[in-house]
Amino acid sequence: MTYTELLERRSEILKRHLGSLILKDNQYGLNERESCMFRDLVKELHRNKYEWNESMK
């Protein structure tokens, strides 16, 4: 598996986790720990996208 494939796979996993947290937030709301995890996942997704863009150059 190449580095770009690894980044793509990581991005898919992060999106799946974020989607489930968004659904939970819309239905029940998130507690403080889950909110913190949500913010960290968003940061990680942005970092991952940046690395993917840099690897494509």
Practice task
Tell me whether L6 is reachable from W52 by hopping between hydrophobic residues (I, L, V, M, F, W, Y) whose side-chain heavy atoms are closer than 4.5 Å.
Solution key: yes
Problem - ILVMFWY cluster, M1 and L7 together (side-chain gap under 4.5 Å) - result: yes
Fill in the blank from the handout: Hits for side-chain hydrogen bond (donor to acceptor under 3.5 Å, both in side chains) against R47, two or more places apart or cross-chain, chain-then-number order -> E44
Exercise for the section: Just jot down the salt bridge (charged side-chain N to carboxylate O under 4.0 Å, His left out) partners of E34, sequence neighbours excluded, or say none. Expected result: K24
Practice task
For E12, check salt bridge (charged side-chain N to carboxylate O under 4.0 Å, His left out) against everything at least two apart and list the hits.
Solution key: R9
Problem - N48 side, atom CG; K15 side, atom NZ - distance, nearest 0.5 Å - result: 9.5 Å
Practice task
To the nearest 0.5 angstrom, please state how far the CG atom of L41 sits from the SG atom of C36.
Solution key: 10.0 Å
Practice task
Please tell me if the side chains of V42 and F38 come closer than 4.5 Å, counting only heavy atoms from C-beta onward.
Solution key: yes
Handout entry: Side-chain touch E51/Y3, heavy atoms, less than 4.5 angstrom
Key = yes
Practice task
Output the distance between atom OG1 (T4) and atom CG (N53), rounded to the nearest 0.5 Å.
Solution key: 12.0 Å
Exercise for the section: Flag yes if L14 and I22 sit in one hydrophobic cluster, no otherwise; membership is Ile, Leu, Val, Met, Phe, Trp, Tyr, and two members link when side-chain heavy atoms are under 4.5 Å apart. Expected result: yes
Practice task
Find the distance between CG (N26) and CG (L21) and round it off to the nearest 0.5 Å.
Solution key: 11.0 Å
